[in-house]
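One-based numbering along the sequence shown.
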Amino acid sequence: MDEQSPDISSSHSGDERREPAQPGERKPWDDLDDVLDLTGGAGQFSQPFSGSHPARDIEEEEEEEEEERGAWKDSLEPSPVEEEPGSIDSISPVSPHSPAVPSAPMEEPERPPAPCTAPSGSVVVDLIYWRDIKRSGVVFGASLFLLLSLSVFSIVSVLAYIALALLSVTISLRIYKGILQAIQKSEGGHPFRSILESNLAVPEDLVQKYCNVALNHVNCTVKELRHLFLVEDLVDSLKFAVLMWVFTYIGALFNGLTLLIVALISLFSIPVIYERHQTQVDHYLALVNKNLKSTSDLILSKVPGLKRKAE
């Protein structure tokens with residue numbers, strides 16, 4: 001033990017006396033690194049100790065992380081065709097791919113036949129009740145003038161005179177407008193250009209509407225005439241016979257045009273009078289109807305076989 005102590009102490013003293021390495025001096029472990037680099041095993045030993053190429057490794061790791069993150073995001077995003085089952089947008093009341101459920105056919109209710117009533121045309125009603133005084137006056141005056149002309153002249157002469165009067169007005173206006181434009185050296189155009197360019201075609205739906213109304217009246221008239229002439233009700237047929245007998249006297253006193261003139265005047269006067277004095281007119285009409293009904297019942301009770309059948 002005593003012999004080994006001087007050697008150990010001498011070795012320690014030799015290490016302490018060792019001089020520090022110079023900057024250009026190679027160490028033994030440097031030679032070891034060179035050998036490992038040549039043999040291809042330097043990376044295994046130098047990476048944990050020396051950390052060779054740290055920037056390249058970090059870049060590769062970042063690229064791998066970005067690729068993994070992009071793949072993860074793509075897996076989370078729903079495809080444009082298939083939506084997530086739990087999303088709110090995927091819950092729709094009717095799926096486009098779901099089969100359509102056939103609905104029960106709705107039965108249309110049976111429409112009752114159209115009643116035989118007069119049409120309520122707003123234009124005609126406004127004319128009859130004089131809602132627009134100028135328009136009603138023009139229509140009433142033109143119609144009355146036409147009927148009075150027909151009572152004096154034939155229908156051919158009346159149509160010819162009306163056409164000549166209309167042509168004289170339009171030709172005079174056309175010549176006057178042309179002379180005025182020549183004097184003023186202006187181009188005003190045709191005086192009736194707006195009327196020439198306007199659409200004067202009769203609408204098809206309007207024609208169909210009035211044809212349906214006329215057809216309804218024709219059907220009602222035919223039905224009523226069948227009821228009267230085939231004596232479905234004896235009392236109604238007798239009343240119609242009496243009315244026709246009264247018309248024979250009226251026809252001997254007046255012709256058809258006179259009756260049309262009277263009807264036209266009555267059409268434009270009676271509705272206005274009734275509208276203004278409706279209470280008094282209704283009162284007197286009720287009295288007349290009551291007297292006529294009592295007289296009719298008295299006659300029916302006296303004459304055998306004329307009593308109306310009980311409904």
Side-chain angles (χ1 to χ4, degrees), residues 114-174 176-177 190-222 224 243 246-247 249-251 253-289:
C116 300
T117 56
S120 58
S122 60
V123 178
V124 178
V125 171
D126 292 342
L127 290 175
I128 292 173
Y129 284 91
W130 297 79
R131 302 287 187 243
D132 189 353
I133 298 177
K134 293 182 179 180
R135 183 179 297 179
S136 299
V138 170
V139 172
F140 176 70
S143 302
L144 185 60
F145 177 77
L146 178 62
L147 292 177
L148 292 174
S149 300
L150 289 174
S151 63
V152 178
F153 304 100
S154 64
I155 186 171
V156 177
S157 301
V158 171
L159 293 178
Y161 283 128
I162 292 174
L164 287 174
L166 184 61
L167 281 173
S168 62
V169 172
T170 54
I171 292 173
S172 301
L173 184 59
R174 181 72 174 88
Y176 170 75
K177 199 70 175 179
H190 200 280
F192 305 109
R193 183 178 299 277
S194 60
I195 301 176
L196 292 173
E197 294 178 353
S198 62
N199 186 14
L200 298 178
V202 180
E204 184 178 356
D205 54 350
L206 185 63
V207 175
Q208 186 176 3
K209 173 185 175 182
Y210 284 104
C211 286
N212 293 333
V213 172
L215 182 61
N216 186 21
H217 282 286
V218 169
N219 292 332
C220 292
T221 304
V222 171
E224 189 65 25
L243 181 63
V246 172
F247 277 170
Y249 288 95
I250 295 175
L253 298 174
F254 308 101
N255 55 13
L257 288 175
T258 307
L259 293 176
L260 288 177
I261 293 171
V262 173
L264 179 65
I265 296 173
S266 302
L267 184 64
F268 278 87
S269 60
I270 292 177
V272 179
I273 296 172
Y274 176 75
E275 186 180 20
R276 294 180 179 178
H277 307 282
Q278 184 176 0
T279 306
Q280 294 85 348
V281 173
D282 290 340
H283 175 68
Y284 289 111
L285 285 177
L287 293 177
V288 172
N289 289 330

message: I'd like to know whether CD of Q280 has more than 12 heavy-atom contacts from other residues, nucleotides or ligands below 6.0 angstrom.
response: yes
- request: Inspect the surroundings of CD1 in I155 and state if more than 12 heavy atoms from other residues, nucleotides or ligands are less than 6.0 Å away.
  value: no
message: Can you confirm whether more than 12 heavy atoms, excluding those of I250, are under 6.0 Å from its CD1 atom?
response: yes
task: Would you check if L264 and L260 make a side-chain contact, meaning some heavy-atom pair closer than 4.5 Å?
output: no
- request: Could you list the residues that satisfy side chain to side chain donor-acceptor pair (under 3.5 Å) with N255, not counting sequence neighbours?
  value: T258
- prompt: Got a sec, which pairs hit salt bridge (charged side-chain N to carboxylate O under 4.0 Å, His left out) with one end in residues 274-289, sequence neighbours left out?
  reply: R131-E275
statement: Interatomic distance, CD1@I195 vs NE2@H190, rounded to 0.5 Å, equals 10.0 Å
Atom pairs and distances, donor-acceptor, side-chain atoms in residues 156-171, under 3.5 Å, two or more places apart:
from, atom 1, to, atom 2, distance (Å)
S157, OG, S154, OG, 3.1
S168, OG, L164, O, 3.2
S168, OG, A165, O, 2.6
T170, OG1, L166, O, 3.1
T170, OG1, L167, O, 3.0

query: Looking at residues at least two apart in the chain, or sitting in another chain, which of them share a side-chain contact (heavy atoms from CB on, under 4.5 Å) with V207?
result: V202, C211
- request: Mind checking the CG-CG spacing from L253 to L259? Nearest 0.5 Å is all I need.
  value: 10.0 Å
message: Distance check, rounded to the nearest 0.5 Å: F145 atom CZ versus L150 atom CG?
response: 10.0 Å
statement: In this structure, CZ of F153 is separated from CG of L148 (nearest 0.5 Å) by 11.5 Å
Heavy-atom closest pair, residues N199 and A201: OD1-N, 3.2 Å
message: For the CG atom of L196 and the CZ atom of R193, what is their distance to the nearest 0.5 Å?
response: 8.0 Å
- prompt: Using 30° and 60° as the class limits, which term best fits the ring planes of F140 and F268: parallel, tilted or perpendicular?
  reply: tilted
side-chain contact (heavy atoms from CB on, under 4.5 Å) partners for V281, two or more places apart: Y274, H277, L285
- request: Quick one: pull up OG in S151 and CG in L146 and give me the separation to the nearest 0.5 Å.
  value: 10.0 Å
query: Looking at residues at least two apart in the chain, or sitting in another chain, which of them share a side-chain contact (heavy atoms from CB on, under 4.5 Å) with D132?
result: K134, R135
message: To check you understand the geometry: which heavy-atom pair defines the closest contact between S266 and P271, and what is its length?
response: O-CD, 3.6 Å
